[in-house]
Amino acid sequence: MQATTQLIHSIPVDPLTGAISVPIYQTSTFVQEAPGVNKGYDYARTGNPTRSVLEDLAAQLEGGSTGIAFSSGLAAIDAVVKLLESGDEIIAVDDIYGGAFRLFEQVYRKFGITVHYVDASNAENVFHAITPKTKLIWIETPTNPTLKITDIEAVASIAKAHRCLLCVDNTFASPALQKPLSLGADLVIHSGTKYLGGHSDLVAGLVIAKDPQLGQRIKFLQNACGAILGPFDSWLLIRGIETLHLRVRQHSASAQTIAEFLDRHPAVDRVYYPGLPHHPNHAIAKKQARGFGGIISFTLKENTEDAATAFVVSTGLFKLAESLGGIKSLVSHPAAMTHKSIPAERRRAAGVADSLVRLSVGLEEAEDLIADLEQALDKTSRPHTGSDNPGESILTNTAQSLSVAN
Ligand SMILES: *Cc1c(COP(=O)(O)O)cnc(C)c1O
């Protein structure tokens, strides 16, 4: 059987009633026959049957031994960092997700955990950053938002040689396209908020461990610290995963068409999409993933924050919002939104230009999305008309509201 067929049928039919949809066990505790004698559950922080189905599904999706479902992607990242001790070091990708950067720098640094940021699209940079204190290598591939690709197998062999853990944030590719554990990673984390949920209606995180003992250590940390996913959101995430492969296939196909359109457009400077043959790591992306995903970034010929702002307030189908991976297309301006907590010089050095715009291509028809981008690019490249332009106050207000990063 194909993996997709297996996946759909691995979600169990309820043995009690025959319900084809997983029941939502909305309960905090479980009645025991005698102290310690129970049906596998005692208290819902430690385990909940709806969450268990999701966790087993996640483990199967990524080819791991253990899945653990968290209340957000950041809670999942946090649990992995808690494997470390004071004095340990992490090597992480330089254009790491802004929230992970904030967690590393503003929370864990004061506990004595230091992070070195490198361009991991060249695996040698990872090798050179290794010290005897390195305990964890953290990569995203593709990265957010410049879609850099890291050779997972190459970095995994460096991690093995130096006995440190390799964790891959697989949020962007999703397991429909890429399975890091099969390429040598020890851990995968997800923001389930994105492609796995797929409908922009929940916040969730997952950790998947290859080794059962490592999985148990994360489970211990979750129970000890408490950031579990509730039963209803677990159910929603299961429902999202049921259509993951179908959705991601379409997201990728439309993104390819749109990336090619942008690549030809005169107002666009550079397009970042691993499916374009001129992408520096196109060959590795092709080797380690089954598709190139639904995220595209690009810069404008007029490389200013203002030009990007004018663009992101002009799209109609592409809604201006943080996040990605849902059925509705989204547009964002990383320098002013997701990456605002990264200092400007460091952000630019990592390739996040002032005019960089990120698209999350949804499930609308590609031709409609192209028409939307075309009219917005047209407005962006037209010369400004001065202070009597009625659009200007709207732009100013929007720019102000964008200044609060999540
Ligand atoms: C959104 C995101 C996260 C954080 O997940 P939350 O569910 O928002 O906490 C982590 N990594 C990547 C790549 C993301 O896009």
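Both counts, for ligands and for their atoms, begin at 1 and track the order of listing.
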Taking side chain as C-beta onward, heavy atoms only, is [X] less than 4.5 Å from [Y]?
| X | Y | result |
| --- | --- | --- |
| Ile152 | Val155 | no |
| Glu55 | Lys219 | yes |
| Glu62 | Asn170 | yes |
| Ile91 | Trp138 | no |

Please identify which atoms of ligand 1 are closer than 4.0 Å to at least one heavy atom of [X].
| X | value |
| --- | --- |
| Asp169 | 10 (C), 11 (N), 12 (C), 13 (C) |
| Ser191 | 1 (C), 2 (C), 3 (C), 4 (C), 5 (O), 6 (P), 7 (O) |
| Ala204 | 7 (O) |
| Gly73 | 5 (O), 6 (P), 7 (O), 9 (O) |
| Ser72 | 7 (O), 9 (O) |

With a 4.0 Å cut-off on heavy atoms, is Asn144 in contact with ligand 1?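 The answer is no: ligand 1 sits nowhere under 4.0 Å from a heavy atom of Asn144.
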
Quick check on Gln6: does its CD atom have over 12 non-hydrogen neighbours (other residues, nucleotides or ligands) under 6.0 Å away?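 Atom CD in Gln6 is crowded, with more than 12 foreign heavy atoms closer than 6.0 Å.
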
Residue part near ligand 1, for Leu74, under 4.0 Å between non-hydrogen atoms: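 Both the backbone and the side chain of Leu74 come within reach of ligand 1.
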
Do Phe292 and His282 have ring centroids that are under 6.0 Å from one another?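 Centroid distance His282-Phe292: below 6.0 Å, so yes.
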
